[in-house]
Amino acid sequence: MPKTTMTKRLLPLMMLVTLTGCANLPKPWQPHEPLREQLSHEAALTVGAEACRMVPVGFAEQHKVRAQVIQLHDAQVTLKLDAGSEPILIDGALYQPNDTFSSQASEWSPCP
């Protein structure tokens, strides 16, 4: 088989492999969706607003915790647990109704 015929037969295969490799290149950097959501939640928290968070209770159950935003500082938020809520474990500490505590702002979002 002549060399040019072999090259002509391999050329489409080589182009296909090259184009397939280019299609799998990493995409330009874009903000990760959870990060974008986290940043929007933090920006939406305002002093005096009600903030919510799902907290694990027991093995597979989760409760919605409501608290009022008292103060915002960098990535931390100071909250006051609602008076009508039950004692609950948040970030490893037990809080009673009307207790004031600090938490990561990214864990909280405005209540609907």
Side-chain angles (χ1 to χ4, degrees):
M1 178 183 304
K3 187 176 180 179
T4 56
T5 307
M6 186 173 179
T7 305
K8 286 182 183 179
R9 288 185 180 174
L10 288 177
L11 184 62
L13 178 63
M14 289 177 9
M15 288 179 61
L16 177 66
V17 168
T18 303
L19 291 175
T20 304
C22 290
N24 293 328
L25 288 175
K27 295 179 181 165
W29 184 85
Q30 295 176 354
H32 193 296
E33 191 60 37
L35 177 61
R36 184 180 312 160
E37 184 177 315
Q38 170 187 336
L39 294 174
S40 67
H41 282 203
E42 288 178 26
L45 292 175
T46 56
V47 175
E50 193 174 37
C52 290
R53 174 181 176 181
M54 296 301 287
V55 176
V57 177
F59 179 67
E61 194 174 334
Q62 290 194 346
H63 287 174
K64 183 184 247 184
V65 176
R66 292 178 176 266
Q68 183 181 9
V69 178
I70 304 295
Q71 188 178 14
L72 294 166
H73 23 134
D74 296 334
Q76 292 284 319
V77 62
T78 303
L79 301 134
K80 181 179 179 184
L81 198 59
D82 278 358
S85 61
E86 303 171 356
I88 192 147
L89 191 67
I90 301 173
D91 298 333
L94 183 64
Y95 295 104
Q96 303 293 328
N98 290 321
D99 279 356
T100 302
F101 60 96
S102 289
S103 183
Q104 292 289 325
S106 60
E107 298 290 327
W108 296 84
S109 60
C111 291

K.L.:
Is the shortest side-chain heavy-atom distance between Asn98 and Lys80 below 4.5 Å?
P.N.:
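Yes, their side chains come closer than 4.5 Å.
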
K.L.:
Does CD belonging to Gln76 count more than 12 external heavy atoms closer than 6.0 Å?
P.N.:
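Yes.
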
K.L.:
What heavy-atom pair brings Leu45 and Pro110 nearest, and what distance separates the two atoms?
P.N.:
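Here Leu45 and Pro110 meet closest at CD2-N, 4.0 Å.
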
K.L.:
Find out if a path of hydrophobic residues (ILVMFWY) with successive side-chain heavy-atom gaps under 4.5 Å connects Trp108 to Val57.
P.N.:
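Yes; tracing contacts between hydrophobic side chains, which count when under 4.5 Å, links both residues.
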
K.L.:
To the nearest 0.5 Å, what is the distance between CD1 on Ile88 and NZ on Lys64?
P.N.:
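It comes to 13.0 Å.
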
K.L.:
To the nearest 0.5 Å, tell me how far Ser102 OG sits from Leu79 CG.
P.N.:
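Separation between the atoms: 7.5 Å.
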
K.L.:
I'd like to know if Ile70 and Leu81 are part of one continuous hydrophobic network [Ile/Leu/Val/Met/Phe/Trp/Tyr, side-chain heavy atoms within less than 4.5 Å].
P.N.:
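Leu81 and Ile70: separate clusters.
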
K.L.:
Leu72, Phe101: one ILVMFWY side-chain cluster at the under-4.5 Å cut-off?
P.N.:
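In one cluster: yes.
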
K.L.:
Show the nearest heavy-atom pair for residues Pro97 and Pro87, with the distance to one decimal.
P.N.:
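Taking every non-hydrogen atom into account, CD-N, 4.3 Å.
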
K.L.:
Take Arg53 and Ser103 through the side chain to side chain contact (heavy atoms under 4.5 Å, CB included) test and state the conclusion after the steps.
P.N.:
CA-CA 11 Å; Arg53 174 181 176 181; Ser103 183; 3.4 Å; yes

K.L.:
State the CD-CE distance between Glu107 and Met54, to the nearest 0.5 angstrom.
P.N.:
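Atom-to-atom, Glu107:CD and Met54:CE are 13.0 Å apart.
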
K.L.:
List the atom of Ala105, the atom of Val77, and the distance in Å for their closest heavy-atom pair.
P.N.:
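Where Ala105 meets Val77 most closely, the heavy atoms are CA-CG1, 3.9 Å.
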
K.L.:
If I compare all heavy atoms of Gln68 with all of Asp82, which pair ends up nearest, and what's the gap?
P.N.:
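Minimum heavy-atom separation between Gln68 and Asp82: N-OD1, 4.3 Å.
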
K.L.:
Can you find a side-chain donor-acceptor pair between His73 and Thr78 that sits under 3.5 Å?
P.N.:
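The answer is yes; a qualifying pair exists.
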
K.L.:
Taking all non-hydrogen atoms of both residues, which atom of Gln62 and which atom of Pro56 are closest, and how far apart?
P.N.:
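That closest heavy-atom pairing would be CG-CA, 4.0 Å.
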
K.L.:
Of the non-hydrogen atoms in Ile90 and Val55, which two are nearest, and what is the gap between them?
P.N.:
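Shortest heavy-atom separation between Ile90 and Val55 comes out as CG1-CG2, 4.4 Å.
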
